[in-house]
Amino acid sequence: MLELLGFADAALGKGGHLTAYDEFLLGDLFLDEQARERFLLPVFLHWLCFTWIPGAATLEALEVNTSLSPSMTLAESYFQENGDRLKKPERDCLQAVGRAPLSFYEITGVMPGKGLRCEDLLTGRRLQIMEMRKDLDMLPGEILFMSAISLEGVDIAVSSSPLIFPASSRSEILELRAELEDDGGVVTRDTLAAHDEDVRDLFLALLAEELGLNESGPDAFGEDWALTEDGLLFEPRTLHYFITDPAEAFEALCSLCAVAREALLEEAEFDAQGKLSLVEFSWDAEEADDCADASGDDDTDDFPEVPVYGFIRIEADTMTIDLDCEAREEDIRKLIADTLGDKARYERTEIQILEYDDDNDYDADFDEDVDVVKF
């Protein structure tokens, strides 16, 4: 796959990738670069290599010296040029993938540590995939947007969206299936290839709905007031942890704050035995440390403004962390797991629900019943 992507880079250049990406999005959805990599990259790269047919007009407009065929996918052009030198497993895999379309697969069973059983909601095809991404925590009824093939009797997921759609998305997918059946009868792999744009349009609509980019709210990635200071989607939340030792938790995380460790401890509270009982501090962007180093003193009045990612409160056997976005949650949970291990037990995440009015202003209501938002 890496060699195929290298072939695509060389053949298309940056302009070709942007052209393909615009076509993939159908002009309907805006995401910043970080969000594209997080939510779209795996399925886009599959579509780019195994579905997209550039056409003569596109290749001519790109003005690149390329041997791509205007009527072939990039994978087919790559195979035509390099098939003879590829090893048999590589040839077999490329031929098996062919123009394997992307579709919606409902999880019908999960085999922990092994794989899953699923059904294509558009074609009715049932698969038992023995190898699946281990970072996906899936439950029966949830839905994956992916491409899958059978190779030598084994079902394989070729690519999948990092976002897992809830079971409530099923009705919209079945509506599309009914439309495809009305148009041409039984839905097959060829049907999905012919209606790739319709399938992709539904995927992007469901993605927008899950990310809060639908018509009922603002385009959070496109409006400054809905972004964090460093350009991430604003999704305020509070993490709750049980900790075994406040001092150890403080030592593990105090470096996140631009204020010196000693200064933080001066404002902290201690119990009768002199043990740390309460301390609060901010999680500051790395730029704050640079400013402090350059200043050489503790007077922060002249510091340029830098993003504050969150606030950490350690009290007795609890730790709460207020954050501004989901991406930050992932970072700090990994840091806590790496530095504190079983000395910090994650309990839940509470998410603020942003209610938008007709003027796209919002009020934040705290939803104490919401646990981790799972994509």
Side-chain angles (χ1 to χ4, degrees), residues 135 137 228-354 364-374:
D135 62 320
D137 180 17
T228 65
E229 292 182 73
D230 54 343
L232 301 177
L233 178 62
F234 181 57
E235 298 176 301
R237 60 197 55 224
T238 300
L239 280 60
H240 294 260
Y241 276 86
F242 171 83
I243 56 176
T244 59
D245 188 328
E248 286 195 46
F250 171 74
E251 296 296 342
L253 301 178
C254 67
S255 61
L256 296 175
C257 184
V259 178
R261 171 185 175 277
E262 293 74 15
L264 294 175
L265 289 175
E266 287 179 5
E267 301 296 324
E269 296 181 10
F270 297 83
D271 62 19
Q273 288 74 42
K275 295 182 178 180
L276 181 67
S277 60
L278 172 63
V279 64
E280 297 177 292
F281 54 94
S282 59
W283 175 11
D284 302 316
E286 293 180 0
E287 298 97 304
D289 294 328
D290 297 337
C291 292
D293 292 341
S295 171
D297 57 44
D298 293 331
D299 183 4
T300 60
D301 292 341
D302 296 329
F303 287 0
E305 291 188 5
V306 295
V308 175
Y309 295 159
F311 295 90
I312 301 169
R313 177 185 175 90
I314 298 171
E315 182 176 13
D317 60 358
T318 65
M319 178 169 65
T320 57
I321 307 172
D322 294 320
L323 300 173
D324 57 2
C325 67
E326 183 186 10
R328 221 84 71 195
E329 175 181 352
E330 295 178 355
D331 291 341
I332 202 162
R333 286 182 64 177
K334 184 178 186 304
L335 174 63
I336 292 171
D338 291 344
T339 56
L340 290 171
D342 58 7
K343 296 178 181 178
R345 187 182 73 228
Y346 170 77
E347 294 190 321
R348 69 187 187 280
T349 296
E350 294 174 347
I351 301 172
Q352 290 186 23
I353 306 301
L354 304 183
D365 293 330
F366 208 73
D367 190 340
E368 297 183 352
D369 296 325
V370 178
D371 285 340
V372 182
V373 172
K374 182 176 64 176

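In this chain, residues are counted from 1 in sequence order.
Under the 4.5 Å side-chain criterion, counting only non-hydrogen atoms from C-beta, Ile312 is in contact with Leu256. Using a 4.5 Å heavy-atom cutoff, the side chains of Val308 and Trp283 are not in contact. Looking at Leu278 and Ile314, their side chains never come closer than 4.5 Å, going by heavy atoms from C-beta outward.
The minimum heavy-atom distance between Ala247 and Asp245, with the atom names listed, is N-OD1, 2.8 Å. Residues Pro246 and Ala316 come closest through the heavy atom pair CG-O, 2.9 Å. Closest approach of Ile336 and Ala344 over heavy atoms only: CG2-CB, 3.7 Å.
Annotation: ring-ring contact (aromatic ring centres under 6.0 Å, His included) contacts involving residues 247-269, sequence neighbours excluded, comprise Phe250-Phe281. Among pairs with a residue in residues 264-278, none fulfils salt bridge (Lys or Arg N to Asp or Glu O under 4.0 Å), at least two apart in sequence or across chains.
Atoms OG1 and CG, on Thr238 and Leu323 in that order, are 7.5 Å from each other to the nearest 0.5 Å. Here the straight-line distance linking atom SG of Cys257 with atom OH of Tyr309 works out to 13.5 Å at 0.5 Å rounding. In this structure, CD in Glu329 is found 5.0 Å from CZ in Arg237, a value given to the nearest 0.5 Å. The distance from atom CG of Leu335 to atom CD of Glu330, rounded to the nearest 0.5 Å, is 14.0 Å. From Thr320, atom OG1 reaches atom CG of Leu239 across 9.5 Å, with rounding to the nearest 0.5 Å.
The side chain to side chain donor-acceptor pair (under 3.5 Å) search around Asp338 returns Lys334, not counting sequence neighbours. Residues passing the side-chain contact (heavy atoms from CB on, under 4.5 Å) test with Ala252, sequence neighbours excluded: Thr339, Leu340. Legend: residues meeting side chain to side chain donor-acceptor pair (under 3.5 Å) with Arg313, ordered by chain and number and at least two apart, are Glu280, Glu315. For the side-chain contact (heavy atoms from CB on, under 4.5 Å) test, residues two or more places apart in sequence or in another chain that qualify with Asp317 are Phe242. Annotation: side-chain contact (heavy atoms from CB on, under 4.5 Å) contacts of Phe270 (sequence neighbours excluded): Leu265, Ala268, Leu276.
Remark: side-chain polar atoms of Asp284 are paired, donor with acceptor, to backbone N or O of Ala258 under 3.5 angstrom.
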(request) Please step through side chain to side chain contact (heavy atoms under 4.5 Å, CB included) for the pair His240 and Met319, ending with a clear verdict. (result) CA-CA 6 Å; His240 294 260; Met319 178 169 65; over 6 Å; no
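Relative to the six-membered ring of Tyr241, Arg345 misses at least one condition, a distance below 6.0 Å or an angle of at most 45° to the axis.
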